[in-house]
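What follows is a set of notes on a single structure, which appears directly below.
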Amino acid sequence: TLDLANEQIYALSPTADMGVVLVSNAQLSPYHSSIVKLDANGNVEWRKTASQVTAQGVAFFCITPTNDFGFLIGGTLHPQGGGSSGAYYLKIDANGNQLWSKLYRGGSNDVRRILQLDDGGFLSVGSSTAVRLDKVGSLLWSMWIDGGPFSDVIKTANGHILLVAG
């Protein structure tokens, strides 16, 4: 069974098998995060904690399905023992195994929404920054944008990209 009594669910994404993957953060210590896969009946298939994928303190805020049936998760990484925080990306496969992770400092130190683009890369938004990554998480560009904080990035039916503030 899944006990989330002391956690706050930040985002979830449906899976190909009618289940769901969710990301949550502990209420008393937001940098203790979890990734949980539930089947169609709500049974836990697997659960990964942030400490299983990084030794640092991570708060997850968003998850998006990827065209390879995996997921890209975004949040904030706070280095243990000091140092500056940064926007953190974690790519996992359908079984929750880490494929890659990236940390980018400067601009926003958070990732609030991620959109996979037609070329397999990603566009994400944080409090005040839009970030473009290629399909393996390499930084293509980062742009500081007035008007944030941004809450979403969406693709319209005619292919335009919109950044949603508020």
Side-chain angles (χ1 to χ4, degrees), residues 9-16 20-25 30-31 33-37 48-166:
I9 297 172
Y10 270 82
L12 53 88
S13 179
T15 60
V20 67
V21 175
L22 61 90
V23 294
S24 65
N25 297 312
Y31 300 106
S33 299
S34 295
I35 310 161
V36 182
K37 166 65 169 76
K48 307 281 181 167
T49 62
S51 62
Q52 291 173 302
V53 296
T54 178
Q56 308 297 319
V58 175
F60 294 130
F61 299 122
C62 62
I63 183 170
T64 194
T66 56
N67 58 15
D68 61 0
F69 300 103
F71 300 91
L72 184 59
I73 300 165
T76 301
L77 184 134
H78 289 268
Q80 293 180 351
S84 60
S85 61
Y88 183 71
Y89 299 86
L90 173 65
K91 176 71 171 82
I92 61 171
D93 65 16
N95 296 312
N97 299 310
Q98 178 179 335
L99 300 177
W100 52 262
S101 67
K102 303 289 181 173
L103 173 65
Y104 297 107
R105 292 186 170 96
S108 295
N109 287 331
D110 61 350
V111 181
R112 295 295 173 162
R113 290 289 186 267
I114 302 168
L115 173 69
Q116 187 164 32
L117 302 172
D118 293 339
D119 67 359
F122 303 93
L123 180 63
S124 71
V125 292
S127 296
S128 55
T129 306
V131 175
R132 176 74 161 91
L133 306 175
D134 68 12
K135 63 184 176 182
V136 294
S138 297
L139 181 67
L140 299 177
W141 53 260
S142 177
M143 183 182 305
W144 184 271
I145 303 173
D146 288 333
F150 294 99
S151 59
D152 209 350
V153 54
I154 57 175
K155 184 176 179 181
T156 64
N158 63 357
H160 293 116
I161 303 294
L162 300 176
L163 304 181
V164 180

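What you see is a predicted model, and the numbers here were worked out from it, not measured in a lab.
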Task: Contact check, side chains of Ile114 and Tyr89, non-hydrogen atoms, under 4.5 Å - done: yes
Task: Reported CD1-to-OG distance for the pair Ile35 and Ser13, which is rounded to 0.5 angstrom - done: 12.5 Å
Task: Criterion side chain to side chain contact (heavy atoms under 4.5 Å, CB included) on Ser101 and Tyr88, from CA distance to verdict - done: CA-CA 7 Å; Ser101 67; Tyr88 183 71; 3.3 Å; yes
Open item on the list: How long is the straight-line distance from CG of Leu22 back to CZ of Phe71, given to the nearest 0.5 Å?
Closed with: 10.5 Å
TODO: Any chance you could measure Asp93, atom CG, to Leu99, atom CG, to the nearest 0.5 Å?
DONE: 5.0 Å
Task: Least distance between heavy atoms, Ile161 atom then Leu115 atom - done: CD1-CD2, 3.7 Å
Task: By side chain to side chain contact (heavy atoms under 4.5 Å, CB included) - contacts of Leu140 (at least two apart) - done: Arg132, Asp134
TODO: Would you tell me whether Tyr10 and Ser33 have side-chain atoms, one donor and one acceptor, within less than 3.5 Å of each other?
DONE: no
- [ ] Answer yes or no: is there a donor N or O on one side and an acceptor on the other, between the side chain of Gln116 and the main chain of Asn67, under 3.5 Å?
- [x] yes
TODO: Mind checking side chain to side chain contact (heavy atoms under 4.5 Å, CB included) for Asn158 and listing every partner two or more places apart, or none if nothing turns up?
DONE: Thr156, His160
Open item on the list: Could you check whether any side-chain heavy atom of Lys135 comes within less than 4.5 Å of a side-chain heavy atom of Asp119, counting everything from C-beta outward?
Closed with: no
Task: side chain to side chain contact (heavy atoms under 4.5 Å, CB included) partners for Ala11, two or more places apart - done: Val23, Ile63
Task: Closest approach of Ser128 to Trp144 (non-hydrogen atoms, all atoms of both residues) - done: OG-CH2, 2.9 Å
TODO: Evaluate the side-chain proximity of Val21 to Val36: yes if any heavy-atom separation is below 4.5 Å, no if none is.
DONE: no
Open item on the list: Any carboxylate oxygen within less than 4.0 angstrom of a Lys/Arg side-chain nitrogen, looking at Lys155 and Asp118?
Closed with: yes
- [ ] First locate atom CZ of Arg112, then atom CG of Asp152, and finally report the distance between them rounded to the nearest 0.5 Å.
- [x] 12.5 Å
Open item on the list: Do Ser34 and Lys48 pair up side chain to side chain, a donor and an acceptor below 3.5 Å, judged on atom types alone?
Closed with: no
- [ ] Scan side-chain atoms only and decide if Thr76 and Asp110 contain a donor-acceptor pair under the 3.5 Å cut-off.
- [x] no
Open item on the list: For the NZ atom on Lys102, are there more than 12 heavy atoms of other groups (residues, nucleotides or ligands in this structure) within a distance under 6.0 Å?
Closed with: yes
Task: Atom pair CG (Leu90) and CG (Leu103), whose distance is rounded to the nearest 0.5 Å - done: 12.0 Å
Task: Shortest non-hydrogen contact from Ser142 toward Thr129 - done: OG-CG2, 3.2 Å
Task: Residues Leu117, Phe122; criterion side chain to side chain contact (heavy atoms under 4.5 Å, CB included); working and verdict - done: CA-CA 6 Å; Leu117 302 172; Phe122 303 93; 6.0 Å; no
- [ ] For Leu133 and Tyr104, run side chain to side chain contact (heavy atoms under 4.5 Å, CB included): C-alpha distance rounded to whole Å, both residues' side-chain angles, the deciding distance at 0.1 Å, then the answer.
- [x] CA-CA 11 Å; Leu133 306 175; Tyr104 297 107; 3.6 Å; yes
Open item on the list: Do Leu139 and Val131 make a side-chain contact, defined as non-hydrogen atoms from C-beta onward lying under 4.5 Å apart?
Closed with: yes
Task: Test item: Asp68 side-chain N/O and Gly70 main-chain N/O as donor-acceptor pair under 3.5 Å - done: yes
Task: Flag, side chain of Asn25 to backbone of Ile9, donor-acceptor distance under 3.5 Å - done: no
